[in-house]
Amino acid sequence: MIHYLIPVYNVEGKDFPAVSITGSKCKLMCKHCYARILQRMKPTETPSELVEFGRKIRERGYRGLLVSGGSDEKGRVPFEDYVDAIKELKKIGLKVFIHTGLVDEQRAKLLKKAGVDMVLYDIVSSQEAIRKILNLNCSPKDYWKGLKHLVEHKVPVAPHIVVGLNEGKPSEELKSVNIVASTGCNALVIVVFTPYPGTPLENAQPPPVNYILKVMEYARRKISAPMSLGCMRPRQIREIEYKAVDLGFNGIAFPSQDALNYITSKNIKYEIHYECCASIAYHSKHTKAPQAPKLSPVP
Ligand code: SF4
């Protein structure tokens, strides 16, 4: 979804495409996205189109894909008809990551049946953000319950916390971190609200840098699962990447050249994985997450 190329380090974005099972359509039209993200995905609007696309990319040597799409009015990506197609993608050897939106017990069971490798699941704890930004008539508890269902049914899940979802204002992120910590997930991905052209929030500001860093510190302190800095973040703010390195985050999606310079200047060994940012959980299954550094208490 993102053009990425750092010639100095000879790395570029490739090998893990995103598809939208609803094409460019979304009934929710969240104010921070306005379905714009779907425009960068390959439309696969029937199960057979999805399988056909999967076969094509497998033949070309791709390793996996992200199944995504717009949501219905209740915040759910309608993947129910794609369970067999996902199983087929798994059979041909692709890793399948999926954006699901809200999940109830029934949907969690279906995801388990499909055998997805990772669910990318937003945790939102701000009632105001749910109502104003996501246009939803539900509560933070619905997000928390969804995570619980996924964990209970042993579906691999990488919760995402969007720092500053409510137009860049603090949005109960520390509460979201506590929820993730209490459910024992496979990974945590921190992303940051980034004003996007063509959306109602295009003129909003990203959250204050200090606040982003505070959430990252708190998360690293509370969560022992692998953590990564996700692809959605204001790229110009280098401190976020440096902080991720200093805190021992396990991954950074699309690191800048400055971040790679910073990592090498500290003699930290790194690997490049051509996959989506939640894959850090996948790759960390066999490696222990580093000990969280001792930090001063969060005020
Ligand atoms: S539901 Fe997803 S695709 Fe639709 S507007 Fe919200 S973030 Fe964008």
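Counting begins at 1 with the first residue of the sequence. Whatever order the structure lists them in is the order used to number ligands and atoms, beginning at 1.
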Ion pair check, Lys56 and Glu52, cut-off under 4.0 Å: yes

Flag for His153-Glu105: side-chain donor and acceptor within less than 3.5 Å: yes

For atom 8 (Fe) of ligand 1, the protein heavy atom that lies nearest, with its residue and separation: Cys33 SG, 2.3 Å

Residues Ser125 and Ser176: side-chain donor-acceptor under 3.5 angstrom: yes

Flag: protein heavy atom within less than 4.0 Å of atom 4 (Fe) of ligand 1: yes

Ring center gap for Tyr62 and Tyr274 short of 6.0 angstrom: no

Proximity of Tyr242 and Tyr262 rings by center, below 6.0 Å: yes

For atom 6 (Fe) of ligand 1, the protein heavy atom that lies nearest, with its residue and separation: Cys30 SG, 2.3 Å

Metal check, atom 8 (Fe) of ligand 1 vs Cys26 N/O/S, cut-off below 2.8 Å: no

Nearest-contact summary for atom 1 (S) of ligand 1 - protein heavy atom, Å: Ser71 OG, 3.2 Å

Met29: numbered ligand 1 atoms lying under 4.0 Å from its heavy atoms: 5 (S)

